[in-house]
Each structure stands twice: as C-alpha cells, then as structure tokens.
Asks: 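Below you will find the structure I want to go over with you.
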Amino acid sequence: MSDEPTTDGRRTADRDFEVDLDDVLEDDEDGDEGLFDDLLSGEPIFENKEVLRPSYTPHELPHRKDQINNMATILVAALRGETPSNILIYGKTGTGKTASAKFVSQELERTSQKYDVPCEVEYINCEVTDTQYRVLAQLANTFIAQNRAFVDERVEELRDLREAAEDDPSVLESDDDNDDHLDFDSPEAVDEHVEALLEEKAEMDDVPMTGWPTDRVYARFFEAVDYVERVAVIMLDEIDKLVEKSGDDTLYNLSRMNSELENSRVSIIGISNDLKFTDFLDPRVKSSLGEEEIVFPPYDANQLRDILQHRSEVAFKEDALSEDVIPLCAAFAAQEHGDARRALDLLRTAGELAERDQSDSVTEENVRRAQDKIELDRVVEVVRTLPTQSKLVLYAILLLEDNGVHNVNTGEVYNIYKTLCDELDADVLTQRRVTDLISELDMLGIVNAVVVSKGRYGRTKEISLSVPVEETEAVLEADSRLSDIENVTPFVQARFDN
DNA sequence: CGTCCACCGGAACCATGGGCCG
DNA sequence: CGGCCCATGGTTCCGGTGGACG
C-alpha cells in the first residue's frame, strides 16, 4: 500500500463526534482530579481478575471430569514411553476443550518431570498458524530450540565432569548419570565429545518464516523431534481451520511420522469446533487421527452457574456480587450455545463496569450493560483490524444504508466502492474479489449477506448491515488511510442523485 | 414453458515478496 | 548474481443458476 498516513485533515471535525469516538474506542479512565486517588479509594470489587480471563487455565474444571479422565487414560501411555493414541476432541467454542486439554497436558508434563520420562506437549493454534508450512515451521523451531537447550545442558554437564576429572580421573569411569552410555577413557575424549555436540548445535538453525520447500521444513522438523528420545504430543487447536485452508497433508505427514522415527514418538491431539470436519479428510488420516474421540457437549445454564460460582469465589471480594448476577450471566451465555468463555467475559465486564461506577457490588443492570458492551467491543475490534480494502467495501455498504437503501446488492456496493477507491486513490479490486470480501464480512458477522434470486432481474447477494451504523462509521473514519473519506462522501452523494 | 438477468463461486493462473543454493 | 523454491492474495475466465417475466 503506497498511501501515506495523511496527518490529519480532520482536526475540524465536529466536537460531538470526537467525543463519541473516544467513547467507542477506549476504555477511558476519566477522573479529572487526583486521577488514581478516586479509583484506589473506591471499594474494590475484584480480588483477582485474572481468573476470569479466557487465557487462564483453571485447576479444576467442573462438569468435565469424564472428558479429562478419558484424556488422561489415553495419555498415560506417554509416561510409559509408549505412543498414546491420537485424540480428536469436539465441542463448540467455550465448552472447555482447550482449557481441559491444556490442563491435562500441564499435568502430563509435570508428572513426566517427576518420573523423569521425556515427554512434551506442543500447543499450536491453527487459527493463527494456519498453513502446513507454518505449522511445521513452528513445530520445528520449538523442537530445535529445545534441542539447543538440551545440548547446552549436556555440554555444561560434561564440562563439570571434565573439571572433576582434573582432580580425580576416576570419575570418568564411575559416572552414573551417564544416560547415553558413553564412557570416556580420557579427559580429551570428553573434550572431543563436547566439540562434537557443539558442532551439531551449530547446525541447528531456525526454519525461516517463509522461503523453504515444505518437504525440507518437514525434514528439519523430523530430525529435530528425533534428536533425543521422547514422546511428543502435538496439540492442534482449531484443527478444522487448518484442514479447511490447506488440506490434510499436514495431518497425513504427522500421522505417518511414527513409522519412521527412530528415537521418539509423536501423538496428535486435534481440537475441533466442527463435528463434521473429518468428512474432508483422507480416510487414512481420518482413521489414524480419530483413534479416540472425545466430545465436549455445551454447558447448560446450571453448569455455567457452577463454573461462574467457582471462579467468582476467587475473582471477587466477598459479597461483591448481588444474588441474581451469576444466574443472569449463566442464562445469557446459555443462549449463546452454552459458551463458558462468554459467561466469564460477561461476569468480568460487569464487574469492571461496576468498578468504574465506584459501586461496591455488581448488579443485574451491570450485567445487561456488559452484554451490550461486549458485543460493541467485539465489533469495534473486528472493524478496526480489517484490511483497508475490506474497510472500503464496508464503508460503501454503510453509505448505502445511510441513504436509506436497505438490502443492497453486490452491484450497487461495487459501484460505490469503485468511486470511493477512485477518490481515495486506492487500488480497485475486481468484483470477484469484492464478492469474497463481502463474504468475509458476512462470516465476521458485520454484515448479513444472503444470495437471492430476483428472477428476471438476476441473482445477487442481498446485503444488510448487522452492526450499529454510527459506531462502525466512527471506527472506519478513525483509520488514517481513510481519513480523507469525509471529503469524498459528497462525490458519492452526488451519485445517488442520478 | 423457456428465457435470460446479474451475479455466484470454482479453477486456473499471475505477481509479489520471502528465502535457499551454487 | 541468477535460477530455483515457496505462500499469499489477487485476477481472469467461465460455467452455473433461481425464479420473475413474457
């Protein structure tokens, strides 16, 4: 993109609007005198907010005992040095899949340390790392890094040994923590070994983010895993996204690795939102991956209440919640296919709102407002981080909506989009591409696009905005690359008149 | 009925930007 | 360096299509 961030042609934008914008964009901490004093003196509501964040992995997951035990039973094999069956985990968002899996893997790694069995879990989120190349590269890099650390450790050990040998050569023979069964007959032999190790280490470069042939990355990864004896559990979260975007090659490669590995074993845990995603898989992959399947059903309102109860005891000060807060959060989230993450979000946001009001307890009202806020925040965030072209498309839709045209069709949007691009000096994408962008917006839940046939008058997408107009507009106009847009709108407006 | 609109959406194909290797 | 590999995101091309209209 060649357009400079044009500093700022909109200083004169009307004040009301600016205020609005700030409200939308930031969690503004207002308080004009003694900024922090007020906030500090206010009755604190939270004891420990972390517990309510999605990133937190709880030690106890209510109503997930069965699934967890199930996983554990399968994975103990790793602690015996055998290859555990591959596992597929199904369940909608916020049903505790990831949390449970992470919990189990933590336990697994902990136990493996206790008994000194080499066993590791690698977590990969396939929504972020969504191509074969990237998955392999990331895996390769973590293992390579580990191997380097391993070599360092070993070298350290040997140097100590060497040191000791200076004083008392007998340590060389009676070395009991010698796991490679190497015997050194002289201090020089130790040196040599160290030398060799360091040479190997020098070979262990990271895989670059892009550029290599995939099979080479694969080879590198293979080598890295096999470097020491271990069981590697690879956890692929949102595995359906990976399959969707880049096919099942990755899974195929991973699942047949075991037959060729000398020292180590790999086992895969796939986590999926989509029950049917195995339909697209090669039957071989399907059967090897789905050796064990575990389903996480959605929580019902009661279970959600338990979870919230559980966490709120840690998260909040005593008596900070009024009676109906938790049931209400649970009820809202239960409507949303039993999403626990949502429930926790709701509770946390409600707490934050109460806190900001300097109130000492969270009320039902806070929860309702939290519900709105979360939705708005989500939209703002999504829209803000949209690529420029998508923003333009969205803006076009917005403009149409502004002018009272509802259920717009692709052609109209494309026309407006074109004029917008012209005025802003941006590249104009083809209609084909714009269709895709619209579909993306649809999937993000920002617009609603349905293909309808208008008989004689063709077949098109009927598009309508599913987010509040003003807020969205504010966010779009906050983008520096679109900052000239206000000067442009008159031109577009003119188009409507003919 | 058949026609035919105005776009959908798959597939094949380019352009770009990253990187390796000799 | 030039020749090669790769992924990504865009473009070109084009067959496909639901249903109001004649």
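All chains are named by letter (A, B, ...) in the order of the sequence lines, taking the proteins before the strands, and each is independently numbered beginning at 1.
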Asks: To the side chain of N409(A), which of dT11(C), dC5(B), dC7(B) is closest?
Replies: dC7(B)

Asks: Using the rule given for salt bridge (Lys or Arg N to Asp or Glu O under 4.0 Å), can you reason through E381(A) versus R384(A), listing the C-alpha separation, both sets of side-chain angles and the distance that settles it, and then say yes or no?
Replies: CA-CA 5 Å; E381(A) 188 50 28; R384(A) 203 173 55 80; 3.1 Å; yes

Asks: Measure the distance from CZ on R432(A) to P on dG9(C) and round it to the nearest whole Å.
Replies: 15 Å

Asks: For I438(A) and dG10(C), give me the distance from atom CD1 to atom P, rounded to whole Å.
Replies: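 I438(A) atom CD1 is separated from dG10(C) atom P by 14 Å.
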
Asks: Closest nucleotide of DNA chain B for G458(A) versus for T435(A): which of these residues is on the 5' side?
Replies: G458(A)

Asks: For R433(A) and dG10(C), is the shortest distance between a side-chain N/O and OP1 or OP2 below 4.0 Å?
Replies: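 Yes, R433(A) has a side-chain N/O under 4.0 Å of OP1/OP2 on dG10(C).
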
Asks: Taking any heavy-atom pair under 4.0 Å as a contact, classify V428(A): base, sugar-phosphate, or nothing.
Replies: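 Since only primed, P, OP1 and OP2 atoms lie under 4.0 Å of V428(A), the category is sugar-phosphate.
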
Asks: Should the pair Y227(A) and F150(A) be assigned to parallel (<30°), tilted (30 to 60°) or perpendicular (>60°) ring geometry?
Replies: perpendicular

Asks: To the nearest 0.5 Å, what is the distance between NZ on K418(A) and CD on E423(A)?
Replies: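 Going from NZ on K418(A) over to CD on E423(A), the span is 13.5 Å.
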
Asks: Between D436(A) (CG) and dC8(B) (C1'), how many Å, whole number?
Replies: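 Rounding to the nearest Å, CG of D436(A) and C1' of dC8(B) are 10 Å apart.
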
Asks: Under the salt bridge (Lys or Arg N to Asp or Glu O under 4.0 Å) criterion, do E352(A) and K373(A) qualify, and how do the steps go?
Replies: CA-CA 11 Å; E352(A) 280 167 0; K373(A) 181 171 166 10; 5.8 Å; no

Asks: In whole angstroms, how far is the C1' atom of dT8(C) from the CD atom of E440(A)?
Replies: 13 Å

Asks: Grab the CG-P distance between L136(A) and dC5(C) for me, whole Å please.
Replies: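 The answer, rounded to whole Å, is 20 Å.
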
Asks: Do side-chain atoms of T349(A) reach the backbone of D345(A) as a donor and acceptor pair under 3.5 angstrom?
Replies: yes

Asks: Counting only side-chain nitrogens and oxygens, does R134(A) get under 4.0 Å of the OP1 or OP2 atom of dT8(C)?
Replies: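 True: R134(A) side-chain N/O within range (under 4.0 Å) of dT8(C) OP1/OP2.
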
Asks: Between K461(A) and K454(A), who's closer to the 5' end of DNA chain B by nearest nucleotide?
Replies: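 On the 5' side of the pair lies K454(A).
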
Asks: Return yes if the base of dG9(B) and the side-chain atoms of R459(A) contain a donor-acceptor N/O pair under 3.5 Å, otherwise no.
Replies: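 Answer is no: no donor-acceptor pair is held.
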
Asks: Would you kindly give the CZ-to-C1' distance between R220(A) and dC6(C), to the nearest whole Å?
Replies: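 Spelled out: CZ on R220(A) to C1' on dC6(C) is 16 Å.
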
Asks: Want to settle it: does Y457(A) or S453(A) sit nearer the 5' end of DNA chain C, counting the closest nucleotide to each?
Replies: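 The residue whose closest nucleotide sits nearer the 5' end is S453(A).
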
Asks: Which listed nucleotide (dT11(C), dG9(B), dC5(B)) is nearest to the side chain of L429(A)?
Replies: dT11(C)

